[in-house]
Amino acid sequence: MSKTATNKSIEEIAEEIKKKYGDHVLLRGSETRQVTPHTSTGILAYDLALGGGWATNQWNEIVGEESSGKTAIAYKTIAANQAKDPNYLAMWVAAEEYVPEYAASVGVDLDRLWVLESNEMETVLEFVLTAIENQSVDCVVIDSMPALVPDREVEKRMDEAIVGVGALTLGKFFRKCALAQRRSEGERDCTLIAINQWREKIGVMYGDPRTTPGGKAKNYFYFTRVEVRRDEWLSEGSAIEKRVGQSIKMRVMKNKTYRPQQVAVADFYFSDTGGFRKGEFDAAKDIVNVCLALELFEGRYKFDGERIAGSKDELYDVVRGNPELQGILIERALGEV
């Protein structure tokens, strides 16, 4: 088709679209962000498995069985970023029970945590959408997706069946959220985390029998999907009844900007024990294990040509007592991403 006087160039069309719909809708590829920003989980091994941390301005899903560490990882993300930024604000959608003592034990500053205690799906999702659109907070966590109840389900009697309403509502929410999530350079980024749970598929004989509530459509909107589970118990002494924590294993099932199927493990303590408080991750062990895997130590526990420990346990203690060394090791490890 030949060009006539009525034809418009793509530049002219872009200007019209920007005036009508905003500056984010139609851009040259070179005008968009060249690198997806990431937010730290607060755990080095998890950050490396994700390719630098949670993708910001995108939805990230944490899925697992009960008591597998899902909530602990979400709280740790908030606490770690609050520690770095005094203006960091987070919103916690408490569709399940919110326990402030638990959040505080993981390190969350409750004065910088806004809590929405509701499980009414439409109300919650509309509020979340408004907060994202207005760039009001730096992080949003929904705990959890299966606990959200659609209005139509509330209106029905217990003996009345209702199918698919929640999935349809979530699909609509994620489609509307796609525009609200967009950010330009200099605008306030937001980390978006949805906590989900495994359910069993009925009648599945082959393959993975597990699925997550909310329909299949939502999975396409998640930028990253990670499964967490308890790898092993941490006990005090040799007595199995004195369990004080657990090793939390993360497996990255989906990642749009980094290698999927990466695995990472970190120790989490849910009780006070020697050297650790309730709600703490073993950050020093995490850093050392990552650096050993990346061969950042020379030979038998040398660093920058100097022997700093004679055994792995001693290395843990050395790093644990030296915050400056921790910072150097983290920086070099992240440089391997």
Side-chain angles (χ1 to χ4, degrees), residues 38-43 45-51 53-56 58-78 90-98 102-103 106 119 121 124-125 128 139-150 164 166-167 169-171 173-174 177 181 191-202 204 207-232 246-266 268 270 281:
H38 288 80
T39 299
S40 175
T41 63
I43 300 297
Y46 296 163
D47 285 352
L48 292 177
L50 287 163
W54 302 117
T56 58
Q58 304 288 345
W59 279 100
N60 305 271
E61 182 191 42
I62 305 174
V63 59
E65 305 287 352
E66 60 179 336
S67 300
S68 57
K70 304 182 297 295
T71 301
I73 291 174
Y75 277 141
K76 179 63 175 178
T77 296
I78 294 172
M91 185 171 76
W92 189 272
V93 177
E96 297 184 17
E97 187 67 23
Y98 164 67
Y102 181 47
V106 183
N119 70 340
M121 180 176 284
V124 164
L125 298 182
V128 169
C139 180
V140 175
V141 177
I142 299 179
D143 183 25
S144 65
M145 301 297 278
L148 297 176
V149 182
T169 303
L170 285 175
F173 165 72
F174 282 118
C177 206
Q181 293 165 209
T191 305
L192 308 169
I193 298 174
I195 296 176
N196 216 326
Q197 304 162 4
W198 287 123
R199 296 288 189 271
E200 294 294 323
K201 298 177 184 176
I202 299 174
V204 174
D208 193 341
R210 304 174 303 173
T211 188
T212 52
K216 292 184 177 180
K218 68 185 188 316
N219 295 344
Y220 292 93
F221 292 97
Y222 291 132
F223 202 85
T224 62
R225 300 185 72 213
V226 303
E227 177 190 22
V228 299
R229 66 179 180 85
R230 182 180 64 248
D231 193 40
E232 62 180 4
Q246 63 186 42
S247 294
I248 302 175
K249 177 176 283 188
M250 171 188 285
R251 178 175 67 90
V252 183
M253 301 183 291
K254 174 184 178 181
N255 195 331
K256 289 188 176 181
T257 59
Y258 196 62
R259 300 188 299 269
Q261 299 304 318
Q262 300 298 295
V263 176
V265 182
F268 174 73
F270 48 69
F281 282 83

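Every value quoted in this text rests on a predicted model; they were computed, and no experiment measured them.
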Would you please classify the geometry between the F268 ring and the Y102 ring as parallel, tilted or perpendicular, with 30° and 60° separating the classes?
-> perpendicular

Looking at residues at least two apart in the chain, or sitting in another chain, which of them share a side chain to side chain donor-acceptor pair (under 3.5 Å) with [X]?
X   : result
Q58 : none
W92 : none
E96 : S144, Q197
S40 : D47

So which atom in [X] and which in [Y] form the shortest heavy-atom distance, rounded to 0.1 Å?
X    : Y    : result
W54  : I73  : CZ2-CG2, 4.0 Å
R225 : Y222 : CG-CB, 3.7 Å
A72  : V106 : O-CG1, 4.1 Å
Y258 : L48  : CE2-O, 3.4 Å
I43  : A266 : CG2-CB, 3.8 Å

Start with the C-alpha distance between I248 and F281, add both sets of side-chain angles, then the distance that settles side chain to side chain contact (heavy atoms under 4.5 Å, CB included), and finish with yes or no.
-> CA-CA 10 Å; I248 302 175; F281 282 83; 4.2 Å; yes

Measuring from [X]:[atom1] to [Y]:[atom2], what's the distance to the nearest 0.5 Å?
X    : Y    : atom1 : atom2 : result
I195 : T212 : CD1   : OG1   : 13.5 Å
D143 : T71  : CG    : OG1   : 4.0 Å
Q181 : L192 : CD    : CG    : 5.5 Å

Run the side chain to side chain contact (heavy atoms under 4.5 Å, CB included) test against [X] and tell me which residues pass, sequence neighbours left out.
X    : result
D231 : R229, S247, K249, V265
T257 : T36, H38, F223, N255
A264 : A45, Y46, A49
R251 : R210, E227, M253, Q261, V263

Please test L148 against L125 for side chain to side chain contact (heavy atoms under 4.5 Å, CB included), starting from the C-alpha separation and ending with a verdict.
-> CA-CA 9 Å; L148 297 176; L125 298 182; 4.3 Å; yes

Taking only residues at least two apart or on different chains, which pairs with a member in residues 65-76 satisfy salt bridge (charged side-chain N to carboxylate O under 4.0 Å, His left out)?
-> none

Of all residues at least two apart in sequence or in a different chain, which pass the ring-ring contact (aromatic ring centres under 6.0 Å, His included) check with F270?
-> none

For K218, all residues meeting salt bridge (charged side-chain N to carboxylate O under 4.0 Å, His left out), sequence neighbours excluded = none

